[in-house]
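All values reported here derive from a predicted model rather than from experimental measurement.
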Amino acid sequence: MRKKTINILKVLRVILAVIIFAPLLLFFIDFTDILPNVSSILQEIQLLPVILTGAGIMLIVHFLLTLFFGRIYCSVICPAGILMDVFNRISCLGKKKQRKKKKNRFHYHKPANRLRYAILGITVLLTVGGMTELCLLLDPYSNFGRIATNIFRPVAVWVNNILAGILSSKGIYSLYNITIRISTAAFISATVAFSVFAVMVFFRGRLFCNTICPAGALLSLVSRYSLFRITFDKNKCNKCSLCEKTCKAEAIDSKNMTVDASRCVTCFNCTSACNRNSLKYTFAPPGSLKVAKDAEAKSVIKPSSVTVSESRRSFITTSAAIAGSIPLSALAKGDGDENHEKRIPLTPPGSLNIERFKDLCTGCHLCVVQCPTHVLHPAGLKFGLGYMLKPYMSYEDSYCNYGCTVCSEICPTNAIKPITSEDKKTIQIGIANFYRDLCVVYTEENDCGACSEHCPSQAVHMVPYKGTLTIPKVEPELCIGCGGCESICPVRPERAIVVVPHSVHQTAELPTEEEVQEVEIDDFGF
C-alpha cells in the first residue's frame with residue numbers, strides 16, 4: 001500500500017468553503033449587529049438570488065466555472081452544501097471501527113434523472129408563472145437561511161444569555177440578556193429542512209443536491225460537459241472501490257471505472273481516499289471519455305431488478321422529503337395577531353407591491369435577523385400559501401425606524417429594492433386607521449396622545465375633544481405606515497390605531513417644517 005500524500009486540491013477546496021461559509025453563518029446569527037453589511041455580498045452570489053435579480057454576468061460566471069471545473073459551486077459556494085459536508089464529517093466521528101465503517105458507507109447509484117429534471121422543470125414553470133412556493137421550499141440557500149435564523153441563531157442567543165447570567169453574578173456586565181424571538185412556522189420549516197439534510201446525508205450523502213435541489217439539477221446540465229473532471233487511470237486502478245465508498249455524491253462506478261460528472265460535486269474525497277493515485281482531477285473534455293460514456297449507456301439500457309428497486313426507493317425517499325418540507329398549517333395559525341381589517345401583509349418599504357414581493361422573495365429571513373427593530377416577522381400561512389414563510393411588518397411590539405434602510409441594503413434577491421433614507425420617508429406602505437370607539441380618550445376620558453408623540457411624520461396629531469381633552473386624528477397624505485402609533489397604543493387586545501396595508505405602495509407627502517422666526521435682540525434681556 002502506497003503512502004497517501006496531502007491532497008492540495010481538497011485542502012484548497014475546504015479553505016475556500018470555510019472562507020465563504022463562516023461569514024454567511026455569522027451574518028445570520030449576528031444578534032449584536034456588529035458585522036458590516038459587506039458580508040451580504042456572499043448572499044448575492046448564490047445561484048437563486050442571481051437568477052431572480054437578473055444578474056446576467058454573475059450567472060454566466062457560475063456557468064463558466066461549472067463548465068471548466070465542474071460543480072464546485074455545490075462544495076465551495078452553496079452554504080447548504082457546505083452544511084451537508086459538516087453533517088457528513090460529524091457522522092464519521094466516533095470509535096475507530098465505527099468511523100472506518102461510516103467513511104465507507106456510500107456506493108454507486110444510477111442517477112434518478114427523470115425525477116430530478118422533472119422537479120427542475122416544474123420549479124421553473126411555477127416560478128415563471130409567479131408561483132414561488134416550490135422554489136422557496138427547495139432552494140438550498142433559502143433553506144440554509146431559515147436553518148441559521150431559526151435554529152442556530154436562537155442557540156447562540158441562548159448560550160449568550162447563560163454566559164451573561166454567569167458573568168453578572170460575578171459583577172461583570174460585558175454581556176446582557178437578549179430576548180429570543182422564534183416564529184412557529186419558520187421554526188417548523190427550519191427543523192424539517194435540517195432533519196431532511198441530516199437524514200439524507202447520513203444514508204445517501206448528497207442525494208438532496210443530486211435529486212431534489214433545482215440548483216444542483218440546473219448546474220448538472222452544464223457539469224456533464226465540464227472540461228476538468230475526475231478520471232480513472234485504468235493502469236493503476238485495482239478496483240478496490242475505496243473511491244466509490246467515499247463518494248458522497250454516489251457518482252463513482254468503480255467496477256466500470258466511470259465518474260458521473262453531472263453529479264460529482266468536485267469535493268476531491270475520492271482522490272484523497274485512493275491509495276494508488278489512480279484517480280486524478282485533470283483536463284478531460286467530454287469527447288475524450290467516449291468509451292466510458294458508451295459503457296455507461298450500456299449499463300443504463302440493461303435493466304435489472306436491483307435498478308428498479310433502487311429507483312423506486314429513491315423516488316419514495318425524495319417524494320417524502322418534498323412533502324415533509326411543507327410546514328403544517330395547524331401549527332402556523334397562531335403566528336402574529338389579526339388586527340381589525342388586516343387581510344393582506346404589510347411588506348417592507350422598497351418591495352413596491354405585494355405581488356412583486358411574493359414573486360422575488362425566497363424566505364431566506366436575512367432581513368428578519370438584520371432588522372434593527374425586529375419589526376419583520378416570518379409569516380406562517382396566515383396570508384395564504386402564496387405568502388408562506390415570507391417576512392411581513394408586525395407592529396405588535398415594535399415599529400419601523402423612520403430613516404432605516406437596512407433590509408433594502410441586504411436583500412439578496414432584490415425583492416426589497418435599495419432605497420435611500422430620504423426615499424424611505426415618503427414611501428407609504430399603509431395608512432394608520434384610527435378607531436375612536438376603542439381609544440381610552442373616548443372610552444375612559446383619559447389623556448393619552450402616545451400615538452401622536454411617536455409619529456415621526458406628523459401624520460397623527462391631537463385635536464380638541466371634550467374640555468381639555470384631545471383625541472388623535474390621522475392625516476392620510478402624511479402617513480407612511482411605519483407603525484410608530486400602533487406599536488405604542490396601550491389599548492389591548494385590539495388597538496385603537498392600526499396600520500392598514502397597501503397592496504401597492506403609495507407616495508406620502510413630507511411634513512412641513514415650521515418656519516423659525518428670527519428675533520433681533522438690541523439689548524440684554526435683563
Side-chain angles (χ1 to χ4, degrees), residues 14 17-44 46 77-91 93 139-170 172-198 201 327 335 362-380 389 391 394 396-398 404 406-407 409-412:
V14 171
V18 171
I19 290 174
I20 290 179
F21 182 77
L24 277 172
L25 178 61
L26 291 175
F27 200 54
F28 273 101
I29 67 175
D30 176 28
F31 53 84
T32 58
D33 298 325
I34 60 175
L35 290 181
N37 285 347
V38 70
S39 301
S40 65
I41 295 174
L42 298 175
Q43 275 88 9
E44 295 172 1
Q46 300 301 316
I77 301 176
C78 177
I82 301 171
L83 179 63
M84 291 182 205
D85 286 346
V86 174
F87 289 162
N88 185 46
R89 178 61 60 180
I90 293 174
S91 69
L93 299 177
D139 173 47
Y141 163 72
S142 301
N143 275 296
F144 169 79
R146 290 191 287 272
I147 290 172
T149 301
N150 301 288
I151 297 180
F152 296 155
R153 181 185 173 94
V155 170
V157 172
W158 177 68
V159 171
N160 170 82
N161 292 346
I162 291 177
L163 293 176
I166 295 174
L167 292 176
S168 63
S169 65
K170 299 181 181 297
I172 302 173
Y173 302 99
S174 56
L175 298 178
Y176 52 90
N177 280 307
I178 297 175
T179 303
I180 300 177
R181 294 178 173 86
I182 300 178
S183 162
T184 303
F187 179 74
I188 293 173
S189 173
T191 303
V192 170
F194 184 91
S195 302
V196 168
F197 286 174
V201 166
D335 191 22
T362 62
C364 71
H365 296 174
L366 181 60
C367 59
V368 174
V369 299
Q370 290 296 316
C371 178
T373 57
H374 306 290
V375 73
L376 286 169
H377 292 197
L389 299 176
S394 173
E396 186 176 354
D397 53 14
S398 189
C404 178
V406 171
C407 61
E409 295 169 6
I410 53 90
C411 179

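- Looking at Ser195, its side chain does come within 3.5 Å of a backbone N or O of Thr191 through a donor-acceptor pair.
- Shown here for Ala379 and Ala185, the closest heavy-atom pair between the two residues is O-CB, 4.3 Å.
- Across Leu175 and Leu167, no two heavy atoms sit closer than the pair CD1-CD1, 3.8 Å.
- Side-chain atoms of Asn143 and Phe197, non-hydrogen and from C-beta on, do get closer than 4.5 Å to each other.
- How far CH2 of Trp158 is from CG of Asn177: 13.0 Å, rounded to the nearest 0.5 Å.
- Closest approach of Pro140 to Ala80, counting heavy atoms only: O-CB, 3.4 Å.
- Taking Phe21 as the reference, Phe144 meet the ring pair (Phe, Tyr, Trp, His ring centres under 6.0 Å) condition, with sequence neighbours excluded.
- Looking at Ser398, its side chain does come within 3.5 Å of a backbone N or O of Thr373 through a donor-acceptor pair.
- Between Ile82 atom CD1 and Cys78 atom SG the span is 7.0 Å, to the nearest 0.5 Å.
- Of the inter-residue distances, the one linking Glu409 atom CD with Cys404 atom SG reads 7.5 Å to the nearest 0.5 angstrom.
- Residues Leu42 and Leu24 approach most closely at CB-CD2, 3.7 Å, considering heavy atoms.
- Going from atom CD1 of Ile41 over to atom CZ of Phe27 covers 10.0 Å, rounded to the nearest 0.5 Å.
- Across all their heavy atoms, Pro412 and Gln43 have their closest contact at CB-CB, 3.7 Å.
- Inter-residue side-chain proximity for Gln46 and Pro79 is flagged as met; some heavy-atom pair is nearer than 4.5 Å.
- A donor-acceptor pair is defined here as one N or O able to donate and one able to accept, closer than 3.5 Å; no such pair exists between the side chain of Gln370 and the backbone of Cys411.
- Judged by distance alone, with hydrogens and angles left aside, the side-chain atoms of Thr362 form no donor-acceptor pair with the main-chain N or O of Ser142 at under 3.5 Å.
- Checked against the 6.0 Å centroid criterion, the rings of Phe87 and Phe194 qualify as a close aromatic pair.
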Side-chain donor/acceptor pairs under 3.5 Å, residues 147-157, sequence neighbours excluded:
unit_1: Thr149; atom_1: OG1; unit_2: Gly145; atom_2: O; d: 2.7
unit_1: Asn150; atom_1: ND2; unit_2: Arg146; atom_2: O; d: 2.9
unit_1: Asn150; atom_1: ND2; unit_2: His365; atom_2: ND1; d: 3.4
unit_1: Arg153; atom_1: NH1; unit_2: Phe28; atom_2: O; d: 3.2
unit_1: Arg153; atom_1: NH1; unit_2: Asp30; atom_2: O; d: 3.4

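- Two residues are said to be in side-chain contact when any heavy atoms from C-beta on lie closer than 4.5 Å; Ile410 and Cys367 meet this criterion.
- The two residues Val18 and Pro23 make their nearest non-hydrogen contact at O-CD, 3.9 Å.
- When each of Ser189, Ser183, Cys364 is checked for a side-chain contact (heavy atoms from CB on, under 4.5 Å) with Leu389, only Ser189 meets the rule.
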Intermediate values then yes/no, side-chain contact (heavy atoms from CB on, under 4.5 Å), Phe31 and Ile180: CA-CA 10 Å; Phe31 53 84; Ile180 300 177; over 6 Å; no

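- Residues Asn160 and Thr32 are not in side-chain contact: their nearest non-hydrogen atoms beyond the backbone lie 4.5 Å or more apart.
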